[in-house]
Amino acid sequence: MSENQQLPESFATELESLYRRLQPKYPSVGQNSAVLPLLHHAQQLCGGWLPKAAMDHVARLLDMAPIRVYEVVTFHTMFHTKPMPKHCVGVCTSLPCWLRGADKLMAHCRARLGVRHEEGISADDNVYLMEQECLGACVDAPLVTVDGVYHGRLDEEAVDKLLRSLREDNHVGS
Amino acid sequence: MMRIRIDGQDYHVDDGLTVFEACRRQGIEIPHFCYHERLAIAGNCRMCLVELDSSPKPIASCAMPAAEGMDIRTDSPMVKKARHGVMEFLLINHPLDCPICDQGGECDLQDQAMAYGRFHSRFDENKRAVAEKPFGPLIKSSMTRCIHCTRCVRFATEVAGIEDLGALGRGENVEIGTYVEKALTSELSGNMIDLCPVGALTSKPYAFKARSWELRKTDSIDVMDAVGSHIRLDSRGTEVMRVLPRRCDAINEEWISDKTRFAYDGLKLQRLDRPWLRHSDGVLRPSDWQTIEDVCVEKIKQTDGTRIAALAGELCDCESMFMLKELLDGVSCPHRDCRPFGTFLPWQERWQYLFNTTIAGIEEADACLLIGAYPRYEAALVEARLRKRYLQGGFQGRAFRVGTKLPAHWQIEDVGESPHSLTELADSGHRVAQAFKQAKKPMIIVGMGALQRSDSEAIWHHIMALVQAFGVIRDDWNGFNVLHTRASMVGGMDVGFVPSQGGEARKGIEERARQGSIDVLWLLGEDDVDEETLKKPFVIYQGHHGERGASAADVIVPVPAYSEKDALYMNMEGRLQRGLPAVPPLGQAKEDWRVLTDMANRLGQTWAYQSQRDARRAMQKAYPLFAEKIGNIAAKKEKIELSYRQNGHSDVLNDTPLHSPLVNYYQSNVIARASQTMGRCVSELGGAVATKEKAK
């Protein structure tokens with residue numbers, strides 16, 4: 001089962017060394033704050049998602065109850081608890097982006113990618129489409145992230161271009 | 001003190017209060033869901049919004065500290081509108097299925113929706129549905145009804161000490177859960193049902209059984225452990241429908257353990273509802289009161305007093321033990337005991353067998369040593385209090401345990417398993433000795449695991465040496481505590497249900513019975529006896545459940561269970577408490593005082609008790625402790641002279657680790673063993689504490 005996936009070999013040492021670098025940044029009573037950078041790194045090491053073993057590892061490292069880490073992971077849209085396709089497209093649907101037409105972009109992405117539900121994997125299994133909470137860059141609304149990179153002031157045409165580049169990338173990749 | 005203005009009126013309130021508490025103390029109720037006075041403040045339901053003159057937006061009063069000169073309005077149009085808005089949002093995803101919800105009639109959301117809800121919903125979209133969560137055999141979940149107040153999460157984390165529950169997801173997708181499928185292993189989990197302000201967590205055994213307004217509520221006292229929790233028995237007709245906690249800050253705060261709450265279905269099963277008599281062919285047959293009393297009286301008359309013995313079980317009340325003791329005195333029988341097999345516990349001075357620090361007093365202690373005591377299983381509310389003390393800080397590195405390493409819900413340092421470690425602790429270089437030396441209010445908790453062994457007398461000697469070396473008993477502080485597991489034990493020792501002059505204790509009684517030198521054995525609700533012991537003597541079983549004791553009995557005398565009688569109990573602190581009957585005795589069962597008075601009179605003792613009250617008065621006359629006000633700790637001794645050398649001796653400690661005598665938390669007494677709910681708990685949650693090892 002993918003949930004019980006083995007962690008990469010270097011996982012423990014890499015996380016440990018990152019934690020050692022982070023430690024001085026936080027006060028002794030606030031060491032738990034390191035949970036976010038550690039999780040980001042863990043997600044990267046695990047290939048774009050966080051298996052339970054990875055979250056438990058972070059919890060042990062910070063001496064937190066595992067449930068507290070699960071809470072953090074499920075709260076943030078940038079963490080994934082299931083294996084992800086190659087690419088991840090997120091459309092911000094918070095208020096300023098919505099005012100600037102985010103739901104039209106979302107519908108457009110859905111149609112283009114062949115995603116039937118609100119969020120999901122594209123028909124060609126290449127892209128995961130999701131809604132995102134406010135990205136903190138409302139000045140460029142509406143925003144779309146592609147694999148973590150922000151693209152702002154978009155219309156349907158610009159989104160098409162982005163999606164096309166992903167598909168081409170896929171062809172190159174495979 | 002500071003001055004704040006609430007609804008145009010000036011009040012002086014204590015410093016450090018929140019706006020919510022300040023208002024509440026003036027008698028101004030503010031609607032709320034997530035706030036609970038015994039849990040951390042969360043401020044996430046937003047129902048307690050009030051208006052503050054210096055703030056443009058309404059504020060959440062539960063999370064806002066009150067400050068000098070604040071002008072607060074709790075009844076302005078703005079507040080009303082804000083609360084209406086909050087309520088509308090809370091109800092957006094709420095299924096509004098009150099007619100099929102068990103919380104109906106005692107639901108905070110229902111009540112407050114009456115005050116702040118709209119008559120019709122404006123929400124045309126689909127409501128969300130949430131999958132049920134597996135919360136085990138005791139809690140039924142209906143998570144669609146959840147309003148995410150997080151009271152259950154905070155209770156689990158703070159009070160119960162199981163950090164397994166959390167709020168997962170975000171925004172509209174928040175769900176309460178454990179993420180991984182996991183049973184909640186707490187002995188206090190049932191309290192989440194009471195805490196849940198809506199019908200998301202309800203009682204599984206009580207599901208669809210009754211409505212709150214149909215139930216008659218009786219204040220009573222719990223007998224499932226020696227804590228003596230204050231409970232409310234909710235009954236309908238002749239049936240106890242559920243058990244709920246009552247608030248009592250000195251004992252159980254407002255929690256009760258799962259066994260207390262859920263074992264009530266055992267009151268309906270395996271009950272003795274008529275007298276039984278074993279005929280000459282060896283078969284037990286239903287009988288009648290006249291016959292069995294004749295048989296018992298005749299048997300006792302024929303038997304010499306020294307060949308009669310009596311054992312009292314763990315659910316007995318004080319009056320019945322007192323009366324049986326009087327009856328036995330009347331036939332000059334010295335053999336009787338209310339302590340379990342092999343217990344060494346002196347009764348000459350009251351402090352020697354009490355939880356002297358008191359349960360609330362635990363919060364003052366600054367060092368702690370547990371010796372063969374496992375409060376998590378033996379007295380779950382003492383565990384909750386120890387955890388509360390631990391969370392206050394300063395307990396780390398000052399709490400130790402001698403005994404097997406059973407899991408606890410707070411951090412405790414193990415300093416050895418066998419009683420030999422007791423001798424090491426006294427050494428002044430040992431970290432336990434050092435921690436105790438610095439402590440101002442040190443406490444030692446001695447459990448039954450240390451007192452029910454073949455070497456208990458020697459253990460007692462060493463414990464007393466520690467008590468003296470560590471200065472556990474001081475003029476203003478008594479830190480010596482015995483953690484009892486049986487509700488009847490302190491009361492039994494208080495009424496002298498212990499061997500009198502020339503009498504045998506429990507162990508001796510059992511040995512004599514096996515040898516055949518005890519002819520009549522009277523079991524007052526005692527089931528924890530070997531078959532071997534019950535083979536030879538004529539056994540009178542006076543109790544309410546047909547189990548080991550009754551099945552070996554020659555005469556079965558049916559009497560009411562704790563939910564059916566008005567009786568006094570002493571809890572482990574020596575606190576006098578009174579339980580009241582919620583339902584009448586079952587079938588032909590007769591109250592203990594009636595049975596014993598009839599028998600005594602026919603034995604030629606002239607007791608003129610006309611009622612339970614007469615019997616109680618006689619007991620109060622003989623033991624003034626029981627004349628104390630209900631709820632008080634009776635007769636505290638001013639000055640304690642340590643005379644430990646007279647009790648116990650120093651040789652023969654054996655190597656066996658100190659085990660808990662409890663075999664299983666969920667099935668520790670006859671009622672709990674008869675309960676199907678407790679049976680389900682055992683099969684689904686385990687709950688095993690230790691294997692029974694009798695010191696023989």
Side-chain angles (χ1 to χ4, degrees), chain A residues 1-5 28-29 31-32 35-36 39 42-43 49-82 90-95 97-98 102-103 106 117-120 130-136, chain B residues 34 40 42 44 93 125-131 133-136 143 146 148-186 189 192 387 390-391 393-394 396 407-411:
Chain A
M1 236 180 80
S2 59
E3 295 285 322
N4 297 326
Q5 180 185 308
S28 57
V29 289
Q31 288 291 304
N32 288 355
V35 72
L36 280 179
L39 284 170
Q43 177 160 287
W49 70 291
L50 285 162
K52 183 175 162 287
M55 296 189 269
D56 289 347
H57 189 95
V58 171
R60 262 197 311 279
L61 204 59
L62 294 172
D63 196 20
M64 289 164 83
I67 183 73
R68 299 281 99 91
V69 177
Y70 306 152
E71 283 181 323
V72 170
V73 170
T74 54
F75 181 84
H76 292 287
T77 49
M78 288 175 186
F79 292 127
H80 306 291
T81 53
K82 290 200 175 78
V91 181
C92 174
T93 52
S94 292
L95 185 71
C97 288
W98 177 77
D103 51 353
M106 191 70 197
H117 303 283
E118 285 186 8
E119 304 186 328
M130 62 176 191
E131 288 186 21
Q132 269 199 323
E133 292 299 324
C134 182
L135 296 161
Chain B
C34 73
N44 52 12
N93 275 317
E125 288 77 3
N126 287 331
K127 293 194 179 218
R128 72 169 195 162
V130 184
K133 302 285 184 300
F135 278 112
M143 300 314 282
C146 178
H148 313 112
C149 68
T150 69
R151 275 187 186 180
C152 52
V153 176
R154 283 174 282 149
F155 175 83
T157 309
E158 293 161 22
V159 181
I162 39 161
E163 217 172 342
D164 289 335
L165 210 57
L168 301 162
R170 173 179 195 144
E172 203 205 355
N173 301 317
V174 168
E175 292 184 18
I176 301 293
T178 50
Y179 191 74
V180 285
E181 206 159 294
K182 199 169 188 181
L184 299 174
T185 51
S186 167
S189 64
M192 286 188 225
R387 179 170 166 82
Y390 160 74
L391 290 178
Q396 234 156 344
H409 286 312
W410 54 296
Q411 267 187 28

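The sequence lines fix the lettering, A, B, ..., with proteins before strands; numbering per chain opens at 1.
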Task: Atom of B:G169, atom of A:T74 and distance for their closest heavy-atom approach - done: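 Here B:G169 and A:T74 meet closest at N-OG1, 2.9 Å.
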
- [ ] State, to 0.1 Å, how close A:T77 and A:E131 come at their nearest heavy-atom pair, and which atoms those are.
- [x]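 Closest pair (atom of A:T77, atom of A:E131, distance): CG2-O, 4.2 Å.
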
Open item on the list: With a 6.0 Å cut-off (strictly less than), is the heavy-atom count around CD of B:E125, excluding the residue itself, greater than 12?
Closed with: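 More than 12 heavy atoms, drawn from other residues, nucleotides or ligands, come within 6.0 Å of this atom.
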
TODO: Step through the shown structure and confirm whether more than 12 heavy atoms of other residues, nucleotides or ligands are within 6.0 Å of CD on A:E118.
DONE: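 Atom CD in A:E118 is not packed in, count stays at 12 or less.
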
Open item on the list: Does any backbone or side-chain atom of B:T157 lie under 4.5 Å from a heavy atom of chain A? Answer side chain, backbone, both or neither.
Closed with: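 Side chain of B:T157 only, per the 4.5 Å heavy-atom cut-off to chain A.
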
TODO: Identify which part of B:V153 has an atom lying under 4.5 Å from any heavy atom of chain A, answering side chain, backbone, both or neither.
DONE: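 Contact with chain A is through the side chain of B:V153 alone.
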
TODO: With a 4.5 angstrom heavy-atom cut-off, could you sort out which part of A:M55 is near chain B: side chain, backbone, both or neither?
DONE: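 Just the side chain, heavy atoms under 4.5 Å.
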
